[in-house]
2 protein chains.
Amino acid sequence: MTQRKVISFETIRVACKNCTLSQLCLPMGMSPEDVDRLDSIVKRSRPLHRGDHLFRSGERFRSLYVVKTGSVKTYTPSEEGGEQVLGFHLPGEIIGLDAIDQDAHACSAKVLETSAICEVPFQRFEELAASIPSLQHSMYRLLSKEIGHDAEMLLLLGKKNAEERLAAFLVSMSQRLSKRGLSPTDFYLSMSRHEIGNYLGLAVETVSRLFTRFQDEGLVKVDRKHVEILNLPTIENLAGAAPAAGSRKHSN
Amino acid sequence: MTQRKVISFETIRVACKNCTLSQLCLPMGMSPEDVDRLDSIVKRSRPLHRGDHLFRSGERFRSLYVVKTGSVKTYTPSEEGGEQVLGFHLPGEIIGLDAIDQDAHACSAKVLETSAICEVPFQRFEELAASIPSLQHSMYRLLSKEIGHDAEMLLLLGKKNAEERLAAFLVSMSQRLSKRGLSPTDFYLSMSRHEIGNYLGLAVETVSRLFTRFQDEGLVKVDRKHVEILNLPTIENLAGAAPAAGSRKHSN
DNA sequence: AACCCAGGTTGACATGCATCAAGGCCGATT
DNA sequence: AATCGGCCTTGATGCATGTCAACCTGGGTT
């Protein structure tokens, strides 16, 4: 986002310790020497473009990926062209954790917009982690956090109605972007309505109608991919567990 | 299940290396000495009973739990008594991985039937793992596997209809039980229809109707909690991604 | 500038499943 | 053995959301 005019190779290959994401990425209390060691195994490639794949389902697992700028979606391609979107990944977020177990990727990762991605060869990382307890623990937490996040999605898909799902989606985007120092109320969605619907278990048409409704209710202002959140508290309420009063739905 | 007539304390406190679950639990290639070290940190309690809690949402995270016999459900209790069932845990399966990140349990774990549970104090385990690479790697895989499993559930809740969900549930039970050396086609469900419905994002009534339908179609024989699977291949087909031909549902 | 087209919106309709309601079954309690 | 209560089943009905279809819109191409 904030980039110098002259983009030299050096600028792109900014070290972990200078990365704006370091506080998200690096475990607290890692010594400067350890950071250098970690730094030395991280690969940084030239920017990837919309449609590029980080990896595809079935490929051998080699590396984890960290989004530096841009965004990535992960999805499981199915037989006849259909797919299930598993998640959207914003700067500071890690991709590929689910592949450790089988030593192969079970999902594909596609870049949604021009993005900078760090690649972390897992085997080297694992060796490094073995000698840095705080890194080790950090890795456990990362994996654990992913599990916790998935549990939230389970609740969303299992118990929430369309309105609550889209509200939760907007809140999630808002929170994650603001954590990155970006505006929590004004942002661009890099994914299509189609992909949002797929992710939330809704039809495209439903997503579209809900955006319209939210706008009519003065909760947001939407223009194509540009979203301005006008009334975040109300949206947070909608997203929250509480189903509309009088509904017995899923109180089972 | 297969238990000696005289259940002495010694019998219950069977060491990891003699545990029938050891091949599920222990990473391949751990030396006997390392197994002993692991063994020494595992606590084994007297059997727990239906309704007992391993832990409750909000409690400080201290230990992981492994089901030896019986079954456990995890769930997130919500405001007004409602809950979302996150999973059912059978022998050999681990509980509590999601709590590492926040150092606190975000869900509760309740025993569904008389069960034997191993408790693994996490801090000690982490120290131990740091010095045993294969254990370390095994732990990563465990966490990763959990993430992969959650992704499957996401797909189930996001894209499958009621029939596919119940079929997938039956297939999952069948596979997991058979991996424990139990019958893949004849078993007892320790959870209620209510809990199954909650887990699958369906109303109790729908679950009940589907069991009836499956039985009418000759796929299963159901008597209360006792399930006999008569036509596993067909059920596997139902569970599989493929939605009924002609349906555009969720091909988005 | 005219065209094209993918993505998005909107309307009309269909349906799967939740909801509501009533009754049945079985184990527990006395 | 009679009573009770929890769990399960079955039937009737309604609604949220998927589906189908038509149109709109803006950006890219020639």
Side-chain angles (χ1 to χ4, degrees), chain A residues 50-51 73 81-82 84-85 112-113 156-167 169 188-216 220-227 238 243-252, chain B residues 50-51 73 81-82 84-85 112-113 156-167 169 188-216 220-227 238 243-252:
Chain A
R50 176 172 180 77
K73 82 162 174 182
Q84 162 74 34
V85 174
L112 289 172
E113 62 188 314
L156 182 147
L157 291 174
K159 298 274 178 296
K160 295 189 178 177
N161 64 25
E163 182 182 73
E164 292 163 343
R165 292 183 198 191
L166 189 63
F169 172 74
Y188 283 81
L189 298 173
S190 57
M191 69 295 291
S192 68
R193 301 285 192 269
H194 193 91
E195 289 165 324
I196 295 172
N198 186 307
Y199 175 60
L200 297 176
L202 299 172
V204 198
E205 296 92 329
T206 304
V207 174
S208 182
R209 274 185 255 270
L210 283 169
F211 270 126
T212 304
R213 173 137 64 94
F214 282 178
Q215 186 161 48
D216 292 347
V220 296
K221 187 167 177 309
V222 183
D223 176 38
R224 305 223 128 223
K225 304 211 173 284
H226 183 204
V227 175
L238 288 181
S247 164
R248 195 188 74 120
K249 188 182 188 191
H250 275 134
S251 64
N252 31 351
Chain B
R50 176 171 182 78
K73 81 163 175 183
Q84 162 74 33
V85 173
L112 290 171
E113 61 190 313
L156 182 147
L157 291 174
K159 298 273 180 296
K160 295 188 178 177
N161 63 27
E163 181 182 73
E164 292 163 344
R165 292 183 197 190
L166 188 64
F169 172 73
Y188 283 81
L189 298 173
S190 57
M191 70 295 291
S192 69
R193 300 285 192 269
H194 193 90
E195 289 165 324
I196 295 173
N198 186 308
Y199 175 60
L200 296 176
L202 300 172
V204 199
E205 294 93 327
T206 302
V207 174
S208 181
R209 275 186 255 270
L210 283 170
F211 269 125
T212 305
R213 173 137 64 93
F214 283 177
Q215 185 162 50
D216 291 348
V220 296
K221 187 168 177 311
V222 183
D223 177 37
R224 304 227 129 222
K225 306 215 172 278
H226 183 203
V227 175
L238 286 181
S247 164
R248 194 187 74 121
K249 188 182 186 191
H250 275 131
S251 64
N252 32 352

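Both backbone and side-chain heavy atoms feed into the values below; hydrogens, waters and symmetry mates do not. Letters go in sequence order (proteins before strands), and every chain restarts at 1.
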Interatomic distance, [X] [atom1] vs [N] [atom2] [rounded to whole Å]:
X: A/Glu195; N: C/dA6; atom1: CD; atom2: P; answer: 16 Å
X: A/Leu210; N: D/dA16; atom1: CG; atom2: C1'; answer: 11 Å
X: A/Glu163; N: D/dC15; atom1: CD; atom2: P; answer: 17 Å
X: A/Leu202; N: D/dG18; atom1: CG; atom2: C1'; answer: 10 Å
X: B/Asn161; N: D/dA16; atom1: CG; atom2: P; answer: 21 Å
X: B/Lys160; N: D/dT17; atom1: NZ; atom2: P; answer: 22 Å
X: B/Lys159; N: C/dG16; atom1: NZ; atom2: P; answer: 18 Å
X: B/Leu200; N: C/dA18; atom1: CG; atom2: P; answer: 10 Å

- prompt: Are A/Tyr188 and A/Glu113 close enough, and set up right, to give a side-chain contact (heavy atoms from CB on, under 4.5 Å), and what steps lead you there?
  reply: CA-CA 11 Å; A/Tyr188 283 81; A/Glu113 62 188 314; over 6 Å; no
field: Derivation and outcome, side-chain contact (heavy atoms from CB on, under 4.5 Å), residues B/Leu189 and B/Arg224
entry: CA-CA 9 Å; B/Leu189 298 173; B/Arg224 304 227 129 222; over 6 Å; no
With 3.5 Å as the limit, what N/O pairs link the protein to nucleotides 5-9 of chain D?
{"from": "D/dC8", "atom 1": "OP1", "to": "B/Arg193", "atom 2": "N", "distance (Å)": "3.4"}
{"from": "D/dC8", "atom 1": "OP1", "to": "B/Lys225", "atom 2": "NZ", "distance (Å)": "3.1"}
{"from": "D/dC8", "atom 1": "OP2", "to": "B/Arg193", "atom 2": "N", "distance (Å)": "3.1"}
{"from": "D/dT9", "atom 1": "OP1", "to": "B/Arg193", "atom 2": "NH2", "distance (Å)": "3.4"}
{"from": "D/dT9", "atom 1": "OP2", "to": "B/Arg193", "atom 2": "NE", "distance (Å)": "3.0"}
{"from": "D/dT9", "atom 1": "OP2", "to": "B/Ser208", "atom 2": "OG", "distance (Å)": "2.8"}
{"from": "D/dT9", "atom 1": "O5'", "to": "B/Ser208", "atom 2": "OG", "distance (Å)": "2.9"}

message: Closer than 3.5 angstrom, by distance alone: can the side chain of A/Arg193 be matched with the main-chain N or O of A/Thr206 as a donor-acceptor pair?
response: no
field: Set of residues satisfying side-chain contact (heavy atoms from CB on, under 4.5 Å) with respect to B/Ser192, sequence neighbours excluded
entry: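 Result, side-chain contact (heavy atoms from CB on, under 4.5 Å) vs B/Ser192: B/His194, B/Glu195, B/Lys225.
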message: Among residues at least two apart in sequence or on other chains, which ones pass side-chain contact (heavy atoms from CB on, under 4.5 Å) with A/Arg213?
response: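 With sequence neighbours excluded, A/Arg213 shows a side-chain contact (heavy atoms from CB on, under 4.5 Å) to A/Glu163, A/Leu210, A/Glu217, given in chain and number order.
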query: Between A/Ala167 and A/Leu238, what is the shortest heavy-atom contact and its length?
result: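 That closest heavy-atom pairing would be CB-CB, 3.7 Å.
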